[in-house]
Amino acid sequence: MGCYFSKKVRKTPGYEDPTVLASETPFTVSEVEALYELYLKLSNSIIEDGLIHKEEFQLALFRNENKKNLFADRIFDLFDVKRNGVIEFGEFVRSLGVFHPNAPLEDKIAFAFRLYDLRQTGYIEREELKEMVLALLHESDLVLSDDMIESIVDKTFKDADTKDDGRIDQDEWKAFVSQHPSLIKNMTLPYLKDISLAFPSFIARTEVEESELSELA
Amino acid sequence: NNLNAFDIISFSSGFDLSGLFEEK
C-alpha cells in the first residue's frame, strides 16, 4: 500500500479517511483526495478554520459572500448533515457524491425532494412551490403576472399531486420525475465525472497510489 | 401553458454548483 495521503497535507477538524469516503461514494480515492484540496481552499477562504461556513459556500457559488439565495441556502443546509452550521469534509464528499453522474438515480430524486421540502414536513406543499417560483423570479429578469404564477403552480400541482390531497409526497415526486426527467438535471454535475483530471492542479498536490495513476494513464 | 413550476425553479443560480470548482 502506498502512502496515498501525504502527512504534509493539513487535516481539517472534520477530516475523514479518503478510502472510507471512496467506499461510500462514486468517487475513487484519488478523486476524494482532489476534493480535499478543493475543500481546503473553500474552507479557508474567509474563516481559516478548515470548515466551510455558509458565507464561504456563497462566496464560491456567487463570488459574493452576502448574496442571499433560497436554493443555495437549502443546498448548504442539506450538505450540513450534522446541522452545526458548517460543512465538514465528509459531509462535503458524501453530498457531492449524490451529484456524481454515476450516483444512483434514487439518491438524486430523494435529494431534490428534500431540497424542495422547504419546511421539512415530508411533503412539498403548494405554498412552498409558489415561494420557490417567487424566489426564482426575484433573482431573475423573468416577469410573470400573479395570475400566470398561480396558473403554473396549479397546473404543476394538478399533475404531480395525484392523490389530490394538496401536497406532493415522495412517491408522487418519484412518479412525477419519471415523467419529467429534466426536473433532476440539476442533480448531476458533469465536473465530478473525473474531478482529478478536470482539475489537475488539485491532484498535482496530492500523492496517489501508483496503481491508480496507471489507471489514469 | 405547459410551463412546469419545477422547471422554472431550476433556472435559479443557487442550483449551479459549478462555482465550487472554479479556481479562485
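Side-chain atoms are counted along with the backbone in the values below, which use heavy atoms only and exclude waters and symmetry mates.
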So which part of A/F157 gets closer than 4.5 Å to some heavy atom of chain B, the side chain, the backbone, both or neither? neither

Where do A/T12 and A/L51 land on the side-chain contact (heavy atoms from CB on, under 4.5 Å) test, with the steps shown first? CA-CA 7 Å; A/T12 60; A/L51 297 162; 5.7 Å; no

Once the angle between the rings of A/F99 and A/F111 is folded into 0 to 90°, is it parallel (under 30°), tilted (30 to 60°) or perpendicular (over 60°)? perpendicular

Proximal to chain B - members of residues 124-139 of chain A, heavy-atom separation under 4.5 Å: A/I124, A/L129, A/M132, A/V133, A/L136, A/E139

Side chains of A/F57 and B/L17 in contact at under 4.5 Å (non-hydrogen atoms): yes

Do A/D154 and A/K158 sit within salt-bridge range, that is, some charged N less than 4.0 Å from a carboxylate O? no

Give, as side chain, backbone, both or neither, the part of A/L115 having an atom under 4.5 angstrom from any heavy atom of chain B. side chain

Could you check whether A/N102 and A/K193, counting side-chain N and O atoms only, form a donor-acceptor pair closer than 3.5 Å? yes

Indicate yes or no: at least one non-hydrogen side-chain atom of B/S10 is less than 4.5 angstrom from one of A/K185. yes

A/L183 and B/N4, any side-chain heavy atoms less than 4.5 Å apart: yes

Residues 164-181 of chain A: residues contacting chain B (heavy atom under 4.5 Å, by number): A/I168, A/W173, A/F176, A/H180

Looking just at side-chain N and O atoms, do A/S182 and B/D7 make a donor-acceptor pair shorter than 3.5 Å? yes

Might you work through the side-chain contact (heavy atoms from CB on, under 4.5 Å) test for A/L35 and A/E31, ending with a clear yes or no? CA-CA 6 Å; A/L35 284 173; A/E31 286 169 344; 5.6 Å; no

Test item: A/T25 and A/H100 side chains (from C-beta on) under 4.5 Å apart, heavy atoms: no

Among residues 69-83 of chain A, which ones touch chain B with a heavy-atom distance under 4.5 Å? A/N69, A/F71, A/A72, A/I75, A/F79

Side chain, backbone, both or neither of B/D16 within contact of chain A (heavy atoms, under 4.5 Å): backbone

Sort and list the pairs that fulfil side-chain hydrogen bond (donor to acceptor under 3.5 Å, both in side chains) and have at least one residue in residues 103-114 of chain A, not counting sequence neighbours. A/K108-A/T188

For A/I184 against A/I109, the heavy-atom pair lying closest together: CD1-CG1, 4.1 Å

Between A/E65 and A/K54, does at least one N-O distance fall below 4.0 Å, as a salt bridge requires? no

Within a radius of less than 6.0 Å around CZ of B/F11, do more than 12 heavy atoms belonging to other residues, nucleotides or ligands occur? no

